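Let me begin by presenting the structure, written as structure tokens, before commenting on it.
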Amino acid sequence: MIDNLERILMACDRHTLAGQRDYAILQLLIENSLKRQQIAAISIKDFDCQGRSLQVQRRYKRQGEQNQSEIISLSLDTANALQDWLNLIHLETENEEDAQAPLFISLDRASYGHRLTGTAIYGIVKRAAANAGLSDAIAPEQLRFSQAKYALNQDFETPNKTIVATNETQLRLSNVLNLEYENQNRTHSDTDETQISRVPYGLTAFNPDLLTSLLADKRSLNTRRAYEKDLRYFFLAAYGQKPTEPVIAQFLQLNRFEAIAIVLRYKSDLIAQGLKESTINRRLSALKSLVNFATKLGKCNWNLDDIQTETVQTYRDTTGIKPDGIRTMLLRIDRTTIKGIRDFAILRLLWDNALRRNEVVSANIGDFNYEARSLQILGKGRGSQKSLISLSMGTANAIQDWLSQLKTKNSDRPLFQSLDPVNHGHRLTGTAIYQIVDQLARDSGITKKMSPHRIRHSAITAALDATNGNVRKVQKLSRHKKLDTLMLYDDNRTNMQGEVSSLLGDLI
């Protein structure tokens, strides 16, 4: 069983977000014999990295009693695995509300950021066992009950003696093995609460993991996920393996001509698969970024600049629907319900301010100012710098009506929250907003496929109509960096090509 446990742990691809999370969960199951429901219930505040401890619900309770909590000790490996996971998703716990957030969250698009369920943990174990090549199905309970055997049979070497680790002696051993490291850490410790790393990385050997470093260099979580996914496609196609460090090194050690030949063949395969030009360009862009990043670190002496991307015609259809269609959708909302009040405020924001759905999702309660009729948003491509936008009176009132329904007014809480029983109070996802718009449009009898971005298109086109094509004014609404992009909207709106074609038709 010990070999199987090690194989299951090694099957986690720790170069990915999901792999880091799954590894930490498996460590808790194996080393601490936790039930999957216990793991699902853990919040960020329950984890103490410095004390290497975790507060969990007791495994069993008497009938009629509330479930009590207990403090358990963690091995150094498990504590580091939990901290690595938290560092990777950049969760902050500066206030009590943030500390209540779940330690383990879902990473799938439909329920991203929501608390991971016991069923999901069951699936993680099953998937890890399959990736490890185990033919027999493995359940979380089997990992829990194997802990005693695992601990009693795994030997830990120290300079003076071998210690057979039980749950208590394993912790003492970890303290002995890491005493010198902790003393050094105290010497160099920073009293600032925003300390980035316990280890002074300027004093350690520099041997970066290229993929992890590349992803960490991207501020947006969506960008990191897209890069990770696109690079996995390439290495699976070119080498039949996921992009681990040895495989990446093998690719980077090729000479320039061999590398370009492989990438050109990969591009040809993508075209043969019938993928869209934008998809092909995105996958090539991720690969070029990896090579350029490796060049900066001295791991490669060539680039892929000679690989040409596909020509893409952007903003082909920006017409959306007319204002009457949006009005129909707004009237369709049942504002006597709390869900209706929330959805009305969301739709008003999407239309009146032509917001992207991620700009709506990322807004917090503290970003809204009713008296000033303003909202701070995280605009596309602007990192963590928020932009202040003005709101119409109708939108400001709609948001204020929604906030009056909430029990908590903490400024750091999400502006728009889920209302379903499972994820109640969690930040509403972009997928959820997409589904709200899509359902409203279908209920309103709108035949055109609608999405939050289609509403943005509709709002910008309507603004150009209302201002007689004043692109300078409308640019303040759309927040496009390039005026040329907005000109495409205006060209599609006026249909100049169709006008000229009609003139030519009248000449014959």
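On a predicted model such as this, the values are computed, not experimentally measured, just so you know. Numbers here simply count residues along the sequence, with the first being 1. Only heavy atoms go into these numbers, but all of them, side chains included; no hydrogens, no water, no symmetry mates.
- Put simply, CG on Leu231 and CG on Leu215 are 7.5 Å apart, with the number rounded to the nearest 0.5 Å.
- Between Arg479 and Glu359, at least one side-chain N (NZ, or NE/NH1/NH2) sits under 4.0 Å from a carboxylate O, which counts as a salt bridge.
- Side-chain N/O atoms of Asn369 and Ser374 include no donor and acceptor closer than 3.5 Å.
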Please lay out, stage by stage, how Tyr233 and Tyr266 fare under the test ring pair (Phe, Tyr, Trp, His ring centres under 6.0 Å). CA-CA 10 Å; Tyr233 281 129; Tyr266 174 62; 8.5 Å; no
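- Listed for the Ser285 side chain is no donor-acceptor partner under 3.5 Å among the backbone atoms of Asn281.
- Remark: the backbone N or O of Arg454 is paired with a side-chain donor or acceptor of Ser458 at under 3.5 angstrom.
- Partners of Asp438 by salt bridge (charged side-chain N to carboxylate O under 4.0 Å, His left out), not counting sequence neighbours, listed by chain and number: Arg442, Lys449.
- Looking at Gln38, its side chain does come within 3.5 Å of a backbone N or O of Lys35 through a donor-acceptor pair.
- For the salt bridge (charged side-chain N to carboxylate O under 4.0 Å, His left out) test, residues two or more places apart in sequence or in another chain that qualify with Asp367 are Lys386.
- The two residues Gln57 and Glu70 come nearest to each other via the heavy atoms O-OE2, 4.3 Å.
- Side-chain atoms of Asn292 come within 3.5 Å of backbone atoms of Lys288 as a donor-acceptor pair (strictly under, hydrogens ignored).
- Between Ala79 and Cys49, the closest heavy-atom pair is O-SG, 4.4 Å.
- The number of heavy atoms from other shown groups lying within 6.0 Å of CZ (Arg225) is above 12.
- For residues 424-435, every residue pair satisfying the side-chain hydrogen bond (donor to acceptor under 3.5 Å, both in side chains) rule, not counting sequence neighbours, is listed here: Asn364-Arg427.
- Under the 3.5 Å distance criterion, the side-chain polar atoms of Arg282 are left unmatched by any main-chain donor or acceptor of Asp230.
- Nearest heavy atom pair, residue Leu406 against residue Gln417, reads CD1-NE2, 3.9 Å.
- No side-chain heavy atom of Val56 sits less than 4.5 Å from a side-chain heavy atom of Asn32.
- At a threshold of 4.5 Å between non-hydrogen side-chain atoms, the residues Asp443 and Gln439 count as touching.
- Here the side chains of Thr244 and Phe235 are not in contact, with every heavy-atom distance at 4.5 Å or above.
- Under the salt bridge (charged side-chain N to carboxylate O under 4.0 Å, His left out) criterion, the residue pairs touching residues 17-30 are Asp22-Arg127, with sequence neighbours excluded.
- Taking 4.0 Å as the cut-off between side-chain N and carboxylate O, Asp343 and Lys339 count as a salt-bridged pair.
- A donor atom on one side chain and an acceptor atom on the other are not found under 3.5 Å apart for Ser75 and Asp77.
- Listed by chain and number, the residues in a side chain to side chain contact (heavy atoms under 4.5 Å, CB included) with Ala81 are Tyr23, Ala24 (sequence neighbours excluded).
- Just one residue in the list Ile326, Asn353, Leu330 forms a side-chain contact (heavy atoms from CB on, under 4.5 Å) with Arg348, and that residue is Leu330.
- In this model, no donor atom of one side chain and acceptor atom of the other lie less than 3.5 Å apart for Gln405 and Asp401.
- Between Met329 and Ala441 the shortest heavy-atom distance is CE-N, 3.9 Å.
- Within the 3.5 Å criterion, the main-chain N or O of Gly340 finds a donor-acceptor partner in the side chain of Thr337.
- With sequence neighbours left out, the ring-ring contact (aromatic ring centres under 6.0 Å, His included) criterion links Phe368 to no other residue.
- By the 4.5 Å heavy-atom criterion applied to side chains, Ile389 and Leu355 are counted as neighbours.
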Give the C-alpha distance, both sets of side-chain angles, the deciding distance and a yes or no for side chain to side chain contact (heavy atoms under 4.5 Å, CB included) between Leu391 and Asp352. CA-CA 8 Å; Leu391 305 176; Asp352 289 10; over 6 Å; no
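- Of the possible polar contacts, none joining the Arg36 side chain to the Ile121 backbone as a donor-acceptor pair under 3.5 Å is found.
- Atoms CG and CG, on Leu76 and Asn80 in that order, are 4.5 Å from each other to the nearest 0.5 Å.
- Among all heavy-atom pairs drawn from Val361 and Gly430, the shortest one is CG2-N, 3.5 Å.
- Formation of a donor-acceptor pair under 3.5 Å by the Arg456 side chain with backbone atoms of Ala354 is found in this model.
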Side chain to side chain contact (heavy atoms under 4.5 Å, CB included), that's the test. Do Leu287 and Arg283 meet it? Break it down for me. CA-CA 7 Å; Leu287 187 57; Arg283 293 190 183 181; over 6 Å; no
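- From Ile433, atom CD1 reaches atom OG of Ser451 across 12.0 Å, with rounding to the nearest 0.5 Å.
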Evaluate Phe234 against Val263 for side chain to side chain contact (heavy atoms under 4.5 Å, CB included), listing each step before the verdict. CA-CA 9 Å; Phe234 169 75; Val263 177; 4.3 Å; yes
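- A distance of 12.0 Å separates CG in Leu428 from OG in Ser362, rounded to the nearest 0.5 Å.
- If you take CD1 on Ile124 and CD1 on Ile8, they are separated by 13.0 Å, rounding to the nearest 0.5 Å.
- Between Arg224 and Glu228 there is no side-chain heavy-atom pair separated by less than 4.5 Å.
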Working for side chain to side chain contact (heavy atoms under 4.5 Å, CB included), residues Ile436 and Leu347: CA-CA 9 Å; Ile436 289 171; Leu347 193 58; over 6 Å; no
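- A distance of 7.5 Å separates CG in Leu54 from CZ in Phe47, rounded to the nearest 0.5 Å.
- Two residues are said to be in side-chain contact when any heavy atoms from C-beta on lie closer than 4.5 Å; Val291 and Phe251 meet this criterion.
- Using a 30° and 60° split on the angle between ring planes, Phe104 and Trp85 fall in the parallel class, below 30°.
- Looking at Ile346 and Leu350, their side chains come closer than 4.5 Å, going by heavy atoms from C-beta outward.
- Residues Tyr370 and Gln400 share a closest heavy-atom pair of CB-OE1, 3.6 Å.
- In this structure, the side chains of Ile365 and Phe416 stay at 4.5 Å or more apart for every pair of heavy atoms.
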